[in-house]
Amino acid sequence: MRTTKTMNQPKINDKFWRRYMDVVRNEVIPYQWEALNDRIEGAAPSHAIENFRIAAGEAEGEYHGFVFQDSDVAKWIEAVAYSLATDPNPELEKTADELIALIGKAQQDDGYLNTYFTIKEPEARWTNLRDQHELYCAGHMMEAAVAYYEVTGKRELLDIMSRFADYIDTVFGEEAGKIQGYDGHQEIELALVKLYEATGNEKYLNLSKFFIEERGRQPHFFDQESEARGDKEPFWYYGSYRYSQSHLPVREQKEAAGHSVRAVYMYSAMADLAAKTGDESLVEACKTLWENVTNKQMYVTAGIGSSEFGEAFSFNYDLPNNTSYTETCASIGLVFWAQRMLNLDKHAKYADVMERALYNGTISGMDLNGKKFFYVNPLEVWPKACIRHDKRHVKPERQKWFSCACCPPNLARLIASIGRYIYTQHDDELFVNLYMGNKAEFALNGQTVKLVQRTEYPWDETISLTVSPEGDCEFTLALRIPGWCRKAYLKVNGEYVDLEDITSNGYAYVKRVWQAGDQVELVLTMPVERIKAHPNVRENAGKTALQRGPVIYCIEEVDNGANLPNIFLPENAVFSARFEPELLGGVTVVTAEAERLNDSGWGESLYKPIDINQYHSFKLTAIPYYAWCNREPGEMLVWINEK
């Protein structure tokens, strides 16, 4: 069994992430509370709180929303918990307490908790796990319960969900008379591990393991379930259970397939179980799937799930830009999985992907004010083309809310808990996975060690750390050297350290007897880089993307005019980077001399012979991808033509 420890949440004072956390606290959480209560004019109705009031007997009416509407409430509570951890707010806590009391009233006598089935189909419990998200909703509420208990010490929701988990354990399992099945949408698997960690009850860990082990076995549970309810139609997703990653037992799955969020939630649970049980076959399965996702099915923004049909992975190297689905929740799930892989394997490649997702494919899902959201995060947008049937999922502007509102509260809980992703501890080794300003404390070799990190990352190259143990203390500080960084410099107490001698798998291991006030300075050089895609990514042949540090850049119509695909970067283009404090909340802008195809002189001709004089020079301006569509609506492009 591995000896990884879970860190307490550090105190974030980082300019970049503190602004996002403040937006979540001051804008997103209140806004989403209004949305859950159907008080946002012009936004899609939620009815989520009203469903709980009806289930609790405090109101009359019919259920409204998707079968998984309860999960939006759970994620809101989880975001509140993480926000309270860094920014106590008695009024917000009171609101959450009142909501939890309402949830308790909605719980049934046997422990069951799901407003859809309580209100709409009380006789249909556990009859359609393939489609109806019963255990998925339970899992999200379990995660909320654990987070709220860890932060506030209040057990009410934890007890509610422990009672529900106890009931679920009487329904599912290998024993005679129990359902030998699992949910169509994975979530409870990772939630049960968290519930086990919070309560120490091994029954929850074993139940999570059962759900993972049972998945994909033959005879197939979903076929048996369908037959029992009289459903003889083939499953809609190509007639295959690849959609829910139940086409094969988990250890036999070598390539990511199906619904991308379901996949990464399952992979996260597999990694959790591998860490808890020491199951090496599960470790290897996680590593195999990781390599496939990140090396063959991931966008440069760390978006995953390229296909709108099924919100799914398609096949290796199929990464279209203007029809990509890349759901916000999928990149968030990739962050969850990456963090757990760091508990299994001391390799910086997991933190590299986690960082790529955090600075690109996740926060692109929310505007800078926290009041509009993207469900889909494409890499190329032509607003006029969004009326096409094959691009109906692509939106040229963020939306106020969604009828299927999984992404906004998911992003809120991620941002509010960002501090939990910075560090990983293995015995007397402390790994620094992410660079952001914070203050944290750790127990190392029997001592409390305080760590202060200062930086203007991701815009500035320098990270400073002050290490202060109670007394002289020997341990290892492992600093990630990002895969994007070609040259790094390290000093300890003003003296340069040769990184070549101490770096392994992307981490620089500094082992020493630390004393209070020791200073570490790490410089990660950040030139603007031209990124090429693998030749098998046909969409990006002859194109380049721009990256500086961990940030992927895009060009917008507001800066560069219309018809962005007619812009070309010369081979010898020289890039400049400057920080603009008043632009888009403060960003580093990249500029270069580029060329554009003239649209004059064509007359009525649709086609004409090539003419080298058809191009003219102009100054290209690129901004961080995450910040696009925060000014005037218009075109956007990540992959730029090369000349």
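Judged by distance alone, the side chain of Thr544 and the main-chain N or O of Ile531 form a donor-acceptor pair under 3.5 Å. Of the possible polar contacts, one joining the Gln339 side chain to the Arg420 backbone as a donor-acceptor pair under 3.5 Å is found. The closest donor-acceptor contact from the side chain of Glu556 to the backbone of Cys629 lies under 3.5 Å. Looking only at distances, a side-chain donor or acceptor of Ser268 sits under 3.5 Å from a matching main-chain atom of Trp337. No donor-acceptor distance shorter than 3.5 angstrom exists from the side chain of Glu500 to the backbone of Asp498, with no hydrogens or angles considered. The backbone N or O of Phe374 lies less than 3.5 Å from a partner atom in the side chain of Thr328, making a donor-acceptor pair. In terms of modelled atom types and a separation under 3.5 Å, the side chain of Thr362 and the main chain of Ala357 share a donor-acceptor contact. Gln547 places a side-chain N or O within donor-acceptor distance of the main-chain N or O of Gly549, the cut-off being under 3.5 Å.
A side-chain N or O of Asp518 and one of Asn493 form a donor-acceptor pair less than 3.5 Å apart. Counting only N and O atoms by type, the side chains of His259 and Glu311 include a donor and acceptor under 3.5 Å apart. Counting only N and O atoms by type, the side chains of Glu429 and Tyr507 include no donor and acceptor under 3.5 Å apart. Side-chain contact, Asn321 with Asn540: a donor N or O sits under 3.5 Å from an acceptor N or O. Side-chain atoms of Thr591 and Thr621 form no donor-acceptor pair, as typed in the model, at a separation below 3.5 Å. At a cut-off of 3.5 Å, with distance as the only test, a side-chain donor of Thr466 or Gln519 sits close to an acceptor on the other residue.
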**Message:** Tyr82 vs Tyr421, test: ring pair (Phe, Tyr, Trp, His ring centres under 6.0 Å). Steps then yes/no.
**Reply:** CA-CA 13 Å; Tyr82 292 133; Tyr421 298 89; 8.7 Å; no
**Message:** Would Tyr350 and Trp290 count as a ring pair (Phe, Tyr, Trp, His ring centres under 6.0 Å) here? Give the steps.
**Reply:** CA-CA 9 Å; Tyr350 307 114; Trp290 178 270; 5.0 Å; yes
**Request:** List the steps and the verdict of salt bridge (Lys or Arg N to Asp or Glu O under 4.0 Å) for Glu27 and Lys371.
**Result:** CA-CA 7 Å; Glu27 303 294 341; Lys371 293 187 177 180; 3.6 Å; yes
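Looking at Lys15 and Glu456, a side-chain N of the basic residue comes within less than 4.0 Å of a carboxylate O on the acidic one, giving a salt bridge.
With ring centers used as reference points, Tyr359 lies 6.0 Å or more from Tyr625.
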